[in-house]
2 protein chains.
Amino acid sequence: MTKRRTIGVLSRATGVKVTTIRYYETIGLMPPPERTTSGQRVYDADAQARLAFIRHARALGFPVETIRELIALQIDPGRDCDSVDAVARKRLADVRERLEQLKALERELERMISACAGGRVGSCAVMSALADHGQCLHDDHGHAGGGTIATAT
Amino acid sequence: MTKRRTIGVLSRATGVKVTTIRYYETIGLMPPPERTTSGQRVYDADAQARLAFIRHARALGFPVETIRELIALQIDPGRDCDSVDAVARKRLADVRERLEQLKALERELERMISACAGGRVGSCAVMSALADHGQCLHDDHGHAGGGTIATAT
DNA sequence: GCTTGCCTCTACAGCGACTGTAGAGTTTAT
DNA sequence: ATAAACTCTACAGTCGCTGTAGAGGCAAGC
């Protein structure tokens, strides 16, 4: 007996919000499930496994497009593992790059905060550190407008 | 003689793209500058300082709303420095939290990749690690649907 | 004066990955 | 029978920009 899951049950089982599950369906990441006569979605164990896979990959920061590729590979399990490995390695490289950026941010924020003596805003070290024309971080203020600002948080 | 800067000059001076400067104007982060008779924007040194401040704060990951608050504080420099300090500390806490998350991702990705023996996709360790129902990272799969998936990269 | 080539203008759509809302219908529990 | 909880669709909004289209402006060289 294959368990019949409504979208809410599936949501609680996987930790993916109901609206997000429907969104994944609209973008083709989840296949359209069967419906009851009244039109409610009914999911099986395969759907749950797939959603769990997606959730885990998203938690690791893989973009949706990459997950789409991984699923395509999954469906064709005879192929070489290299592409999967490459995707994971690429992701690891991205994560490490972001880690370095964040560590730099951490250092600068620490420096700013420790300099704050708690006076008035007019003489606040944090403020003057910010007003300082971006010397500390990545000061490309001379030549090119390569203004890729660090993607937030 | 106050230098008259067109938007392109300002852009090159600060490393903020022309379109982004105009965007900051529409959202009220930059004040509307003077215009030539033909309608082109003309900026002064104050505008450049303000834009440099914004750029630096954005590079540190402060959200635009927070920068708006900081600018409001800046305009009123007699007030206590506490709120500025608090904003910076909050940001530091956010950065550190994100650092921890990313380190966890790094560890899990390393583990996945080192387990990959390079066979076929059907038996790929990376794939089965992903299919594994989210045990490793933050397995809130029991009770609540608190599905805040780690914000990507 | 005229052309060339870059610069600037406005207005609006699109990105990624969802989230929120409105308004209506369905299922389950009491 | 009724209330509570769930589900449906469709679409707008989020954040911080980026890209596009089509039109007009400006300095330098001829």
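Note on naming: letters A, B, ... go to the chains in the order of the sequence lines (proteins, then strands), and numbering restarts at 1 for each one.
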Could you see if B:Val42 belongs to whatever hydrophobic cluster contains B:Met30? Use Ile, Leu, Val, Met, Phe, Trp, Tyr and a side-chain cutoff under 4.5 Å.
no

From CD1 of A:Ile21 over to C1' of C:dT19, roughly how many Å is that when rounded to an integer?
14 Å

Taking CZ from A:Phe62 and P from C:dA17, how many angstroms apart are they, rounded to a whole number?
13 Å

Check B:Asp94 with B:Arg98, please: is the shortest side-chain N to carboxylate O separation under 4.0 Å?
no

Euclidean distance, atom CD1 of residue A:Ile67 to atom C1' of C:dA17 [Å, nearest integer]:
10 Å

For D:dC17, does OP1 or OP2 lie under 4.0 Å from any side-chain N or O of B:Tyr24?
yes

Between C:dG14 (P) and B:Tyr23 (OH): distance, integer Å:
18 Å

Reading nucleotides 3-11 of chain C from the 5' end, what letters show protein touch, with B for base, S for backbone sugar-phosphate only, - for no heavy atom under 4.0 Å?
-----SSB-

Would you confirm whether A:Arg5, through its side chain, and A:Gln48, through its main-chain N or O, come within 3.5 Å as a donor-acceptor pair?
no

N/O (side chain, B:Lys17) to phosphate O (OP1/OP2, D:dT18) under 4.0 Å
yes

Quick one: on DNA chain D, does B:Glu65 or B:Thr37 contact a more 5' nucleotide (nearest heavy atom)?
B:Glu65

Could you check whether B:Glu25 pairs with B:Arg22 (Lys NZ or Arg NE/NH1/NH2 to Asp/Glu carboxylate O, under 4.0 Å)?
no

What is the distance from CD1 of A:Ile27 to C1' of C:dT19, rounded to the nearest Å?
14 Å

Roughly how many Å is it from CG in A:Leu10 to C1' in D:dC6, rounded to a whole number?
15 Å

Examine distances only and state if a side-chain atom of B:Arg91 and a backbone atom of B:Pro63 form a donor-acceptor pair shorter than 3.5 Å.
no

Grouping I, L, V, M, F, W and Y whenever their side-chain heavy atoms are under 4.5 Å apart, do A:Val9 and A:Tyr23 come out in a common cluster?
no

Return no unless some side-chain N or O of B:Thr36 is found under 4.0 Å from OP1 or OP2 of D:dG25.
no

